[in-house]
There are 2 protein chains.
Amino acid sequence: MIWEDDDSLLVANVIDGVLKLTTSTEDGREQIVGVAYPSDFIGRPFGQTSRATVVALTDARVCVFARNDFDRFAREHPELEHKLLERTLAELDRTRSWMMLLGRKTAPEKIATFLLDMSDRYGDVSACTTFRAPAKLFTLPFSRQQVADLLGLTIETVSRQFTKLKQDGVIGLPSRREVEILNRPALSALAG
Amino acid sequence: MIWEDDDSLLVANVIDGVLKLTTSTEDGREQIVGVAYPSDFIGRPFGQTSRATVVALTDARVCVFARNDFDRFAREHPELEHKLLERTLAELDRTRSWMMLLGRKTAPEKIATFLLDMSDRYGDVSACTTFRAPAKLFTLPFSRQQVADLLGLTIETVSRQFTKLKQDGVIGLPSRREVEILNRPALSALAG
DNA sequence: CGTATGTTTGATTCGCTTCAAGTTGCGTGG
DNA sequence: CCACGCAACTTGAAGCGAATCAAACATACG
């Protein structure tokens, strides 16, 4: 947990590492509302504010700007604004499909969707730059609790679903943070 | 249900009316991922695509553009892009706080949050233009099923929570689509 | 080692869904 | 004007999935 910010005065670009964006209720329930990977943008430019909290999940390097400076710079560089708009629209789409997961999917479906998502995220770019082959084996940047906060479940349910998938031979769990996809079609079928 | 679009070739501005943005699974479960009110923007410019469906909930007038035309125009008018970026960032924030609701709130909390949200949305601008007084009585643009799809609940649960709030004197239900807020503090307390 | 933290596993509870009737409101046509 | 039909909504009973509560079990670290 290297870097924290309540998003009021700063904006930043992620250079390296993974960060989570969370909101929580007074009584301590937490929901991860976004995950920032390298090259992702964090923060609310242009006078907007949000009640989200940013916390690094791994060692992370971020390029931080004072919001005022950034706003001025952005307004003078339409290409930057355009790029930011494209990224924000893409993020909005990802967020919306996550809403479907949170509102309508069952625990097994949530877990399967999550694992496929992670697998795609950590795929090799390999020879072909446009196509990214999904990873068969990868290391989660999340603890069980964080997976639960991402999927709107409890830690116990996450754990049970993981072991269920392991027992069924769909995935392997070499260590706590590592996941190996053994039967991708089965996982896709479960994802709903 | 006047207008439908799978968001591929068009973008639009809502002039009048309310529209829902939904995604659904193969087996028919539906989640409303966004609601568009007058002055809101709909669609994915700049070559992006999303699997969302747009359906009008009331009679609606929208100003439609071919995406190509819009893209070109936007790129030539940075102020437009800036405005669009601000709106998209605001929409992303709203969507993220809705994720909290979907992932972590209970049925009573979801209903209370929803009603307060609607009340704010339909408030009077009245004398002061910057402050919008929340509405005490308003007409929902949603059926019970649509409220359920918005909150990630079933129609039966929505109905039960509504009647519970009515019995407790927190709200009044003059007709199927109308809601009257009788005890706002209680509703706020329930919203979590 | 021994303690702290994170994870798994089990038993039980509870909230929401599911299934199944009723009920209300409303446009249509006799 | 009232009977009819239909769709939206409400209400009730039963079942189930995930949460909660409670221990064991690993893993990391001094």
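Labels below follow one simple rule: chain letters A, B, ... track the order of the sequence lines, proteins then strands, and each chain is numbered from 1.
- In the interface, the side chain of A:Arg160 is paired with the base of D:dT20 through a donor and an acceptor atom under 3.5 Å apart.
- Between B:Glu109 and A:Arg29 there is a salt bridge, since a side-chain N of the basic residue sits under 4.0 Å from a carboxylate O of the acidic one.
- At whole-Å resolution of the value, NZ in B:Lys110 and C1' in C:dG15 are 11 Å apart.
- Taking only distance into account, the side chain of B:Arg144 never meets the base of D:dA8 through a donor-acceptor pair shorter than 3.5 Å.
- Nucleotide C:dC16 holds its C1' atom 12 Å from the CZ atom of A:Arg104, rounded to whole Å.
- Between B:Ala107 and A:Gln167, the residue whose closest nucleotide on DNA chain C is further toward the 5' end is A:Gln167.
- The existence of a salt bridge linking A:Glu30 and A:Lys20 is confirmed by a sub-4.0 Å separation between a basic side-chain nitrogen and an acidic carboxylate oxygen.
- Distance, A:Gln145 CD to C:dT7 P: 9 Å, rounded to whole Å.
- If you check every strand for non-hydrogen atoms under 4.0 Å, A:Thr154 touches a base.
- One atom, CD of B:Glu156, and another, P of C:dG22, lie 16 Å apart when rounded to the nearest Å.
- One finds a side-chain N or O of A:Thr157 lying less than 4.0 angstrom from the OP1 or OP2 phosphate oxygen of D:dA19.
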Side-chain donor-acceptor pairs of residues 151-160 of chain A under 3.5 Å, sequence neighbours excluded:
from: A:Thr154; atom 1: OG1; to: A:Thr157; atom 2: N; distance (Å): 3.4
from: A:Thr154; atom 1: OG1; to: A:Thr157; atom 2: OG1; distance (Å): 3.1

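- Summarising the geometry, the separation between CZ on A:Arg176 and P on C:dT8 is reported as 7 Å, rounded to the nearest angstrom.
- If you take CZ of B:Arg177 and C1' of D:dA7, they are 12 Å apart, rounded to a whole angstrom.
- A salt bridge between B:Glu180 and B:Lys166 is absent, with no side-chain N of the basic residue lying under 4.0 Å from a carboxylate O of the acidic one.
- Rounded to a whole Å, the CZ atom of A:Phe162 is 17 Å from the C1' atom of D:dA26.
- Among the heavy atoms of the strands lying under 4.0 Å from B:Thr106 are primed sugar atoms or P, OP1, OP2 only; no base atom is included.
- Under 4.0 angstrom from either OP1 or OP2 of C:dT9 there lies at least one side-chain N or O belonging to A:Thr163.
- Using a 4.0 Å heavy-atom distance criterion, A:Ser159 is classed as a base contact.
- With hydrogens and angles disregarded, a donor-acceptor distance shorter than 3.5 Å links the side chain of B:Gln146 to the backbone of B:Ser143.
- One atom, CD1 of A:Ile111, and another, P of C:dT7, lie 13 Å apart when rounded to the nearest Å.
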